[in-house]
Each structure stands twice: as structure tokens, then as C-alpha cells.
Amino acid sequence: MQTLYPDVSEDQYRSHYLNADIAQCRRVVTVAMWAMLPLMYFDFSLRQPGSLYLLLMAAHAAVFAFSLWFARQMPKILGAPKLDQQMLRWVWLALAVTLAGNASRPVDYFGHYYIDIWIVAMYFVVLPLPLRLLNPPMVGFVAVSLSLLFLYKQAPAVSYTYNVALMLLLAAISGHTISSRTHRFRRKTLSAEQELERQASTDPLTGVANRREFMRISDGELKRHARLGKSLSLLVLDLDHFRKINEAHGHQAGEVVLVEVTRRMKRATRSYDCLARYGGEEFCVLLPEASIEDAGKIAARTKHTIIAMPVSVSGKELRVSATIGIATMLTGDTIASILKRADADLHRAKKEVADGAGADTSTPASADPASSAPLPVSLPAEAGKAA
């Protein structure tokens with residue numbers, strides 16, 4: 001069974017392979033540049049020195065100089081469009097000089113077609129340019145080469161001409177096919193890599209970051225905030241009596257509650273906050289550049305958003321509540337120490353709720369026998385205690 005992965009955009013595809021494409025183009029240009037030297041000697045052996053010979057040598061020298069300069073400048077190229085533009089210039093120039101040399105050779109000489117066939121096949125295969133850009137110069141090269149073959153060259157037999165034409169066309173078709181399949185394979189590979197990375201960093205049920213991704217992001221943010229001297233806070237949220245919802249209504253109802261709570265938390269937090277499902281019914285929210293006062297406001301808004309409306313599950317309305325612990329970054333803190341303080345604040349808040357409200361249950365707010373009143377939600381302790 002074939003696995004389907006999300007498609008990647010053209011910009012994602014080109015930017016991901018940009019460095020590899022630059023290195024590949026540089027190798028192609030370098031090889032072609034040094035291959036011009038024996039070709040120049042080959043032209044010298046076929047012709048007598050004259051104005052035409054000098055003109056061709058000047059054209060080859062110009063291509064050699066441009067290739068040398070281009071190979072040195074290529075590592076400085078920023079962006080795929082610039083690479084495409086410069087490579088197309090080089091391709092047009094190299095092919096034009098090649099065709100000029102072919103047209104000036106004796107009418108009964110066919111040796112250069114071996115090189116032309118190799119050029120057509122290899123340029124398609126080794127140049128990592130989009131086919132929509134590479135097709136025009138390559139099709140033009142093949143068309144002019146065939147025109148020279150049928151209109152200018154004098155073959156010893158007609159079959160010789162048709163054999164050369166057939167090999168040239170087959171080289172173009174084969175190279176184009178290989179290039180097309182290579183681009184398609186690279187796209188599928190990138191798509192699979194991105195999907196695997198997403199799965200490795202995302203909670204499959206809620207779609208937010210998982211514990212590993214949260215720790216990775218938090219570690220980087222902690223170092224950045226410590227270096228810049230900015231505040232960083234963290235929320236730990238736990239759904240009250242979530243196990244009773246699972247026991248009374250099944251795990252599917254519990255999953256619906258988790259997904260809906262995640263949506264409400266996204267609405268209550270800021271767009272650049274990092275929300276993660278830390279485990280089970282516990283969520284963490286990293287709050288960049290947030291003081292303990294800011295964190296308290298976000299926690300209160302999150303609590304209010306969660307309990308504002310019951311969650312509808314299979315025709316029943318389940319009221320959920322949450323307890324939130326807060327911690328803010330102190331000098332010398334690590335993510336583990338901040339999480340430990342936030343978790344301690346969470347347990348303290350739960351204990352205060354339990355002491356104040358007594359025994360309570362969290363079940364549907366409908367007429368169901370298991371229903372009860374909404375659970376109270378406890379906010380974290382004062383800023384001084386939390387930090």
C-alpha cells in the first residue's frame with residue numbers, strides 16, 4: 001500500500017535543496033569548463049588558423065572565463081531564483097558556442113555528435129534546474145543540431161543520418177524522463193521527511209507540540225531570554241477529575257474533551273506562545289517575554305475560556321474545569337527547575353481547591369445521573385510564591 005504524504009510547495013522544495021543544487025551546479029560548470037580545453041585543441045586539429053578559427057577560440061575563451069568566474073561566485077548565491085537565472089545564462093552561452101563549433105566543422109565530419117548526444121542526456125540529468133526552465137535551451141539545441149544534420153552534413157549513407165538523429169532524440173527523451181523522475185523522487189523524499197518530523201514533534205490527538213518538542217523549544221527560548229535579560233514564564237494546566245470523565249463516558253469522550261480544551265487554550269493564549277500536551281490531561285504553555293503578572297492574566301483568561309461553555313459529546317454536555325500552575329524564570333534556572341516550580345504551584349492550587357470545595361465530581365451538566373455542578377477552577381498562587 002502506497003503511503004501518501006502532503007505535497008510540498010515549490011519554494012519549500014527549492015529552498016530545502018538549494019545548497020545541494022548550488023554544489024551540483026558548481027561541479028557541472030567546473031567539469032564543462034575544463035572539458036573545453038581538449039575541445040579547443042580538437043578544433044585546432046580540424047581547422048587551419050584563420051579568422052573563423054580565431055573567432056571560435058575567442059568564444060571558447062569567453063565561456064571558459066565566464067565559467068571560472070561563475071564557479072567562484074556560486075557559493076555566494078542567495079536564493080533559487082538567482083541560481084536559476086545565472087545557470088540559464090551559462091547553459092545558453094555554452095550551448096550556443098557548441099553549436100557554432102559544430103556548424104564550422106567539415107560537412108562530412110560527424111564525430112561531434114557523440115559529444116552532442118552526451119551533452120543532451122547529461123545536462124537534463126545532472127543540472128538541478130526546473131524542467132520548465134531547462135526545456136527551452138535543450139529543445140533549441142536539439143532542434144538546431146538536427147537541422148545541421150539534415151541540411152548541412154553530408155553522410156556516407158542516409159541510414160547514418162537517421163541513426164544519429166534517433167540517438168540524439170533518444171538522449172533528449174531519456175534525459176528529460178530521468179530528470180522528471182528525479183525531481184519527483186526528491187519532492188516525495190522531502191514530503192516524507194517533513195511529515196515524519198511533524199509526527200515526531202506533534203501530539204497526534206490534539207495537533208499541538210508533544211513533550212519532546214516542547215522541551216526542545218523551551219530550552220532554546222530559556223537560553224535566548226537569559227542572554228537578553230527578558231522575562232519568561234510557564235503555565236502547567238491539568239484538567240480536574242479527567243479520569244472520571246473517561247470512566248463515566250468512555251475514552252472517546254475524553255479525547256473529544258482534550259481536543260476541545262486544546263482549541264480553547266489556543267484562543268486564550270498568544271499566537272507566539274508554545275502550547276504542548278505534556279502528557280495525559282496535562283498541558284504546558286511557554287510564555288515568551290511574559291512576567292509573572294502577564295502569566296497570571298493569561299492563566300485567568302485560559303481558565304475562563306475553558307469553563308465558559310460545556311463540551312458537547314454524543315448529545316451530552318460535559319463541564320470541565322482546570323487547575324493552573326505558574327512559574328517564571330529566575331537566575332540560573334533550567335527548564336526542569338521551572339517545570340518543577342510550576343508543578344508544585346499546580347499541586348498547591350489543587351490542594352487549596354480541594355480544601356475549599358470539599359469532595360466534588362466532574363461529570364456532565366445534563367440530566368444524566370452522573371451529572372453534577374461545574375467543578376471550581378483554582379488559579380495559581382501569588383507571584384512571589386510561584387516564582
Side-chain angles (χ1 to χ4, degrees), residues 198-199 201-215 234-271 273-287 295-326 339 342-343 345-354 356-380:
R198 187 194 68 81
Q199 292 178 3
S201 61
T202 304
D203 177 62
L205 176 63
T206 60
V208 297
N210 58 18
R211 179 172 181 167
R212 184 176 69 173
E213 180 69 3
F214 178 78
M215 297 300 291
L234 185 143
L235 306 182
V236 176
L237 182 145
D238 185 77
L239 297 181
D240 298 324
H241 304 283
F242 182 74
R243 181 177 299 176
K244 293 185 178 181
I245 296 178
N246 280 335
E247 292 174 352
H249 305 282
H251 290 282
Q252 186 175 5
E255 291 178 353
V256 173
V257 170
L258 289 173
V259 172
E260 181 57 31
V261 167
T262 302
R263 290 185 186 136
R264 297 180 184 186
M265 291 182 69
K266 285 181 179 179
R267 292 198 299 266
T269 54
R270 304 169 299 180
S271 60
D273 294 333
C274 177
L275 170 62
R277 185 184 176 194
Y278 201 69
E281 67 273 20
E282 189 171 82
F283 295 84
C284 289
V285 185
L286 187 69
L287 306 174
K297 294 177 183 178
I298 296 173
R301 185 169 66 242
T302 302
K303 173 215 58 171
H304 176 76
T305 305
I306 290 174
I307 68 174
M309 293 181 63
V311 179
S312 179
V313 181
S314 300
K316 299 177 181 180
E317 291 187 341
L318 306 182
R319 291 192 180 276
V320 295
S321 63
T323 306
I324 303 177
I326 300 179
L339 277 169
D343 195 56
D345 192 64
L346 172 70
H347 288 292
R348 178 203 57 76
K350 278 185 174 290
K351 187 175 183 301
E352 288 182 359
V353 172
D360 57 350
T361 57
S362 174
T363 47
S366 61
D368 189 275
S371 301
S372 67
L375 287 172
V377 177
S378 175
L379 284 179

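Just so it is clear, the structure is predicted and the values come from calculations on it, not from any experiment.
Put simply, the side chain of Val320 does not reach to within 4.5 Å of the side chain of Phe242, judged on heavy atoms. Contact annotation: the side chain of Cys284 approaches that of Val236 to within less than 4.5 Å [non-hydrogen atoms, C-beta and beyond]. Between Asp203 and Glu213, every side-chain heavy-atom pair lies at or beyond the 4.5 Å cut-off. Between Thr206 and Leu275, every side-chain heavy-atom pair lies at or beyond the 4.5 Å cut-off. A heavy-atom distance below 4.5 Å is found between the side chains of Leu339 and Met215. Inter-residue side-chain proximity for Asp273 and Ile298 is flagged as met; some heavy-atom pair is nearer than 4.5 Å.
Shortest non-hydrogen contact noted between Glu281 and Leu258 is CA-CD2, 4.0 Å. Nearest heavy-atom pair, Asp345 versus Gly325, reported as atom, atom and distance to 0.1 Å: OD2-CA, 3.4 Å. Scanning all heavy atoms of the two residues, the minimum distance from Ala299 to Ile324 falls at O-CD1, 3.3 Å. Contact record, Phe214 with Ala209: N-CB, 4.5 Å, taken as the closest heavy-atom pair. Contact record, Thr305 with Ala268: OG1-CB, 3.7 Å, taken as the closest heavy-atom pair. Here the closest non-hydrogen pair linking Lys266 and Val208 is CE-CG1, 3.5 Å.
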Test side chain to side chain contact (heavy atoms under 4.5 Å, CB included) applied to Leu237 and Lys303, step by step: CA-CA 9 Å; Leu237 182 145; Lys303 173 215 58 171; over 6 Å; no
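Atoms CZ and CD, from Arg277 and Glu282 in turn, are 11.0 Å apart once rounded to the nearest 0.5 Å. Put simply, OG1 on Thr202 and CG on Asn210 are 6.5 Å apart, with the number rounded to the nearest 0.5 Å. A distance of 6.0 Å separates CZ in Phe283 from CG in Leu239, rounded to the nearest 0.5 Å. Taken to the nearest 0.5 Å, the CG atom of Leu346 stands 9.5 Å off from the CZ atom of Arg348.
One finds a salt bridge joining Arg263 and Glu260 here, because a Lys/Arg side-chain nitrogen approaches an Asp/Glu carboxylate oxygen to under 4.0 Å.
A donor-acceptor pair under 3.5 Å links the side-chain atoms of Arg264 to the main chain of Met309, judged by distance alone. For the pair Arg198 (side chain) and Ser201 (backbone), a donor-acceptor distance under 3.5 Å is absent.
In the displayed structure, Arg301 atom CZ is contacted under 6.0 Å by more than 12 heavy atoms of other residues, nucleotides or ligands. Remark: Arg212 CZ is loosely packed, at most 12 non-hydrogen atoms of other residues, nucleotides or ligands lying under 6.0 Å away. Other residues, nucleotides and ligands place no more than 12 heavy atoms under 6.0 Å from the CD atom of Gln252.
Neither side chain, Asp238 nor Thr323, offers a donor N or O lying under 3.5 Å from an acceptor on the other.
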